[in-house]
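For reference, the structure discussed in these notes is given below.
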Amino acid sequence: MRLEVDITGKTFRSAAGGTHEVLAPVKFALQSGEVGVLIGPSGCGKSTMLRIILGLDHDFAGHIARPPEARIGMVFQEPRLLPWRSVEQNVRLAAPGVTDGKLSELFRILELDAHRSHYPGELSLGLARRVALARAFAVEPDILVLDEPLASLDDALAGRLRDEIATLVASRPVMTLLVTHSLDDAVRLGDRLFFLSPRPARIVAEVPIGIPRDTRGETEIAAIKASLAQRTQGDRIERDVS
Amino acid sequence: MRLEVDITGKTFRSAAGGTHEVLAPVKFALQSGEVGVLIGPSGCGKSTMLRIILGLDHDFAGHIARPPEARIGMVFQEPRLLPWRSVEQNVRLAAPGVTDGKLSELFRILELDAHRSHYPGELSLGLARRVALARAFAVEPDILVLDEPLASLDDALAGRLRDEIATLVASRPVMTLLVTHSLDDAVRLGDRLFFLSPRPARIVAEVPIGIPRDTRGETEIAAIKASLAQRTQGDRIERDVS
Amino acid sequence: MLRLLSFALFLVIWWIAAFLVGGAKLPSPPAVLQVMIAEASSGALFLHLGATLARVALAFTLAMSLGSAIGYLMGRVKLADRLGDPWLILLLNLPALVVIVLAYIWAGLTEAAAIAAIAINKLPTAIVTMREGTRALDRSLDEMASVFAMPRWRAFRHVVLPQLAPYIAASARSGLSLVWKIVLVAELLGRPNGVGFEIGVAFQLFDTPRLLAYSLTFAAVVLVIETLLVQPFEARANRWRPRAA
Amino acid sequence: MLRLLSFALFLVIWWIAAFLVGGAKLPSPPAVLQVMIAEASSGALFLHLGATLARVALAFTLAMSLGSAIGYLMGRVKLADRLGDPWLILLLNLPALVVIVLAYIWAGLTEAAAIAAIAINKLPTAIVTMREGTRALDRSLDEMASVFAMPRWRAFRHVVLPQLAPYIAASARSGLSLVWKIVLVAELLGRPNGVGFEIGVAFQLFDTPRLLAYSLTFAAVVLVIETLLVQPFEARANRWRPRAA
Amino acid sequence: ARAADTIRLAVQKTGTFSWELAAIRSTGLDKEADLSLEVTELASTEAGKIAMRAGSADIILSDWLWVSRERALGAKLTFYPYSSALGAVMVPAASPLQTLADLKGRKLAVAGGAIDKSWLLLQARMKQDGIDLKSEATIVYGAPPLIAAKALDGEMDASLNFWNFCAQLEAKGFRRLAGIEEILPKLGAKGAVSAVGYVFDESWAASHKDAVARFIAMTRKAKQLLVTSDAAWEKVTPLTGTTDPAMLKTYRERYRDGIPRRSIDDEEKDARVLYRVLAEIGGRDLVGPAPELDPGTFYHAVPGD
Ligand SMILES: Nc1ncnc2c1ncn2[C@@H]1O[C@H](COP(=O)(O)OP(=O)(O)OP(=O)(O)O)[C@@H](O)[C@H]1O
Ligand SMILES: Nc1ncnc2c1ncn2[C@@H]1O[C@H](COP(=O)(O)OP(=O)(O)OP(=O)(O)O)[C@@H](O)[C@H]1O
Ligand SMILES: [Mg+2]
Ligand SMILES: [Mg+2]
């Protein structure tokens with residue numbers, strides 16, 4: 001399985017008139033088992049790119065080759081839960097095949113046990129985001145798309161969930177696209193980092209991380225981060241750290 | 001001006017039946033010019049506390065003394081913009097007194113110039129959050145309440161905006177309540193940090209920071225953080241760092 | 001409890017009003033009740049009410065389901081909206097009388113003609129309401145459903161329908177009342193039974209107690225259905241909404 | 001453009017249908033047009049149409065504003081809802097004929113009685129729709145308005161009203177059509193002019209071309225208003241909505 | 001024995017035709033005439049026309065004015081007299097109004113709308129005296145039952161209504177200012193004219209000639225029965241909607257007065273005269289394209305006329 005993204009441009013026409021160029025030509029590919037990370041300033045076009053890749057927006061120039069039968073699990077930037085369905089129903093509706101055991105495990109990991117029967121309106125934002133994570137995990141996706149999945153969570157929980165994502169990615173051949181503002185998350189989870197320019201977004205640097213995820217210790221991570229920081233000073237990051 | 005919070009308890013009845021105790025007794029006070037920071041695990045009851053303090057929820061046990069005539073500026077955890085009004089209208093509706101100059105300045109700082117006439121549906125989440133910040137700043141509040149204002153923003157922008165908040169707080173006698181998951185933000189902005197327990201939330205530690213905000217350099221901040229980390233290891237943080 | 005009280009209040013006001021203006025202008029509750037009982041014990045009430053209710057049920061179901069489907073389509077597909085809109089406005093603004101008369105002329109004084117005519121009268125308002133509801137649907141939830149590859153029906157049932165619920169409720173309530181108003185005209189003009197027929201007769205004889213007896217019986221039936229069926233169901237369906245202050 | 005095409009299509013279908021079933025059962029478009037022109041050139045059309053439009057406008061405005069206000073109240077305040085609900089159901093399900101007859105009996109065969117009766121018929125459906133809309137309001141935006149101390153009116157205009165807009169649109173469209181159906185009955189029963197009066201005359205003579213001529217004139221007026229006024233306005237008001245696919 | 005001829009009738013439930021039908025049924029006149037009557041009871045007068053146009057009825061009650069108009073427009077209907085009862089102008093007992101001329105400047109309620117025959121005839125009559133009632137009096141149109149109620153209320157100075165409502169008012173002490181049949185002679189009629197009659201399709205009548213004849217003979221017997229037999233009358237009283245003996249008496253008298261007794265040719269001649277009067281006052285809207293009563297309007301094929 002392979003995801004090929006070849007966007008040559010994307011422009012929005014705003015309601016007030018006027019056009020906004022959001023994506024410059026962007027081209028990359030991702031293999032099964034790989035974690036690609038998109039990092040870029042707020043409003044540069046990351047979410048737009050994800051929507052195009054997932055086929056939610058057809059109004060763009062370019063071409064996307066997505067494995068046709070792939071199951072998709074997505075964490076949107078906002079939770080996008082159904083307010084009229086309980087937490088459990090929300091997950092089950094997206095993942096009808098999920099077993100009771102799997103669901104219980106997910107809820108335990110995400111610390112949602114007490115909220116199974118709550119409606120989304122009765123959740124805090126952090127809880128709602130976790131439900132969105134549970135939903136994406138429950139479908140056992142072939143493509144996992146995460147748009148800032150760990151925002152609004154406290155550090156301890158965010159750390160635990162990051163490890164869970166790593167576990168999931170390691171356990172099955174899943175292709176992952178992660179959008180994040182946290183370099184730490186990017187370095188800990190990513191196989192290839194795509195640094196994006198401000199709007200219109202293009203890839204200013206593609207940084208593969210050679211060390212396998214499970215062997216990255218705190219020292220390696222610190223080293224990668226340092227090297228990244230150094231490169232970013234020189235404004236244009238070129239090739240391959242690690 | 002002084003804000004006195006004395007909540008003795010808050011319980012939600014969920015729609016599915018069953019009650020959730022969200023707040024344990026919580027008591028603190030805040031002076032004009034002070035920045036109080038609430039830090040606690042996701043879902044512990046921070047937003048609920050803010051809603052009670054602002055008088056949006058009357059169904060609680062306890063008492064809140066809020067300066068009656070105080071103008072409030074609030075950044076909710078989700079942007080809560082009016083989808084049918086443009087960015088500029090959204091700000092002007094909340095702050096009818098704002099001058100054109102002030103507005104332009106705000107939009108410049110928050111990098112929203114290109115989006116003045118956009119509707120919220122045409123914004124990225126980060127942009128929407130910035131509009132919410134602009135709105136809260138535009139009212140020139142006496143009480144500023146920020147519920148994770150810097151989530152979903154890239155680090156560079158978040159840093160600049162944190163400085164803006166500091167500037168605002170310094171420029172006028174405004175009383176600030178900040179909810180954040182970022183210890184860094186807390187230490188850089190706060191005068192007093194309230195560490196909350198998991199639900200039902202109570203204050204496990206109140207940590208005043210003695211060094212004035214504008215004199216906190218990187219070394220001081222690192223020191224405070226280290227001392228905090230140390231205390232948190234011992235699980236119960238007691239009194240006064242710095 | 002409160003509802004009952006409010007209803008009792010209504011009766012009291014009516015009674016007082018009847019007392020003040022006189023029975024000729026407004027029959028008092030007991031006078032109307034007496035007619036109701038008389039008609040009920042002769043069985044005529046049930047006969048006519050039954051006939052009318054059957055027509056109402058059929059026409060209502062027909063118009064609501066067809067109208068909702070068309071309205072949904074017009075709300076979703078711009079082309080359908082553009083094409084359908086002039087027809088819709090025309091249909092909306094065709095007088096009930098004309099539709100009923102034409103239906104009878106074409107299809108004879110038959111039950112089918114009556115029901116079709118009633119349904120056609122209700123149809124456009126169902127379309128209009130559902131179209132607005134569909135236009136107001138939240139696209140971000142649609143996207144969610146599509147990303148998670150929810151089957152059409154499941155997405156419709158769990159994502160779309162709950163958003164349309166308030167529109168359906170509004171359209172059903174005012175629609176039932178419209179169907180009821182129209183069925184009476186249809187019965188007046190070409191049916192040998194039903195509440196409309198009886199009201200027509202009562203009107204010709206200017207028998208106001210009878211007029212009110214038949215009118216209120218239907219209202220009573222709806223009141224009972226609302227109280228026992230619709231409102232508990234709605235309360236359940238709306239459990240998720242934050243409680244009003 | 002498409003709308004025009006669709007309208008032309010309607011005329012063609014009508015014409016063919018008239019040709020097939022014969023002029024006695026369905027007059028052809030030219031036959032109806034001829035009557036329209038004749039009535040227009042004699043001035044009668046404008047006289048009657050004017051009278052009816054005035055009644056429609058008055059009753060509609062009255063019912064919509066009052067009904068929306070009550071519906072809003074009932075949607076907001078639970079107590080008002082509980083108390084008002086039985087009355088509402090009763091009012092919804094009172095036949096138009098009965099309301100009109102009672103109004104004429106109490107207030108005389110006057111213009112005021114007619115307009116009041118029409119308004120009362122439309123009132124409950126306006127209430128029902130607005131109540132649903134109010135119940136579906138987004139509380140988080142209310143909270144925003146209250147935190148920023150928006151004055152009541154500004155909050156209503158900018159926070160609440162846009163959320164109610166689709167309900168108002170639905171209620172206005174189907175409401176106008178209801179008012180139009182009812183005004184005809186009111187004119188038929190006790191007014192000396194208006195389209196309903198003319199339709200009554202045409203009906204007594206079984207003059208179908210005339211019946212259609214008068215019916216369609218109103219539909220045409222609404223069609224023009226919709227096309228030139230309402231829809232451009234709606235398009236503007238809905239600019240913020242993500243465009244449909 | 002061959003099967004009885006079936007005739008489908010659409011009747012207004014509260015009309016006098018349903019009285020006759022009740023009498024026919026209870027005395028078996030229909031069997032006697034070898035007719036099988038399929039009666040659809042309807043709640044309004046217009047419903048009959050719909051039934052006829054929809055092909056759901058063979059015979060309905062309507063007037064020759066409409067029949068002539070329909071004939072001119074292509075529908076070959078025909079008419080046979082049923083009743084000559086017409087409306088009347090009624091005033092309260094204590095009213096100062098004494099003659100029709102006194103209506104000038106008064107508030108007159110007219111039942112049945114602007115094209116009601118009685119109303120048109122009244123206007124024509126007043127025109128002869130140089131009074132344009134339509135502009136010189138305040139006219140209020142309304143549905144007949146409503147007009148009757150308004151008259152009782154005293155909201156109107158005078159009211160012109162259908163004969164059965166006039167009978168109601170009479171029983172309540174109202175005074176007849178003038179019956180419309182009384183003004184007919186001044187308009188050129190030689191005697192009582194039946195405005196209302198059985199209406200049926202010409203071709204249907206041609207193919208059911210005998211049945212039609214038997215039907216008409218049967219209804220004549222029924223009318224006679226209602227006038228002469230108290231027992232038969234008693235049977236129909238529940239249909240009148242009243243139990244008041246005074247009102248019942250008035251009903252019966254008026255009903256009797258309305259039974260047509262003239263030859264069909266005389267009726268047709270007078271109808272022709274009145275048609276011209278109506279055409280003049282009502283205009284093209286009323287009578288359609290034909291300035292004269294359509295020749296085939298009256299049905300002549302009944303033996304004994
Ligand atoms: N429907 C739309 N119409 C017009 N402009 C749009 C629309 N959606 C997004 N945009 C614009 O496209 C740009 C990119 O938006 P996008 O949501 O992709 O940003 P992002 O990179 O995800 O930002 P963030 O980190 O804040 O989420 C923004 O400038 C936004 O204003
Ligand atoms: N309307 C409600 N009904 C029932 N329970 C509620 C309601 N609102 C909030 N809660 C519960 O109250 C608790 C605290 O919610 P709150 O939003 O205050 O959390 P928070 O501290 O702001 O969390 P986060 O950091 O995730 O935003 C949660 O467990 C939530 O499930
Ligand atoms: Mg985004
Ligand atoms: Mg919160």
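First the proteins, then the strands, lettered A, B, ... as listed; each starts at 1. Since the model is a prediction, treat every value here as computed from it, not as a measurement. Values below: all heavy atoms of this structure, side chains included; hydrogens, waters and symmetry mates excluded.
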Is any side-chain N of the basic residue among [X] and [Y] closer than 4.0 Å to the acidic one's carboxylate O?
X: A:Glu105; Y: A:Lys102; answer: no
X: A:Asp59; Y: A:Arg13; answer: no
X: A:Glu34; Y: A:Arg192; answer: yes
X: A:Glu4; Y: A:Arg66; answer: no

Determine whether the aromatic ring centres of C:Phe156 and C:Tyr72 lie less than 6.0 Å apart.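 Yes, the ring of C:Phe156 comes within the 6.0 Å limit of the ring of C:Tyr72, centre to centre.
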Given a strict heavy-atom distance threshold of 4.5 Å, which part of C:Met144 is in contact with chain A: side chain, backbone, both, or neither?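 Its backbone and side chain both get close to chain A.
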Chain C heavy atoms under 4.5 Å from [X]: which part of the residue, side chain, backbone, both or neither?
X: A:Arg71; answer: neither
X: A:Arg80; answer: both
X: A:Leu54; answer: side chain

What residue, out of A:Pro83, A:Gly73, A:Ala136, has the most heavy-atom pairs lying under 4.5 Å from chain C?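 Option with the top pair count is A:Pro83.
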I'd like to know which of A:Val145, A:Leu82, A:Leu93 tops the heavy-atom pair count under 4.5 Å against chain C.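 Of the candidates given, the most pairs with chain C belong to A:Leu93.
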Does atom CZ (A:Arg2) have a neighbourhood of more than 12 heavy atoms from anything else shown, all under 6.0 Å?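 Enclosed.
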Heavy atoms only, distances under 4.5 angstrom: which of C:Met150, C:Gln163, C:His158 has the most pairs with chain A? Name it, please.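 Winner by heavy-atom pair count: C:His158.
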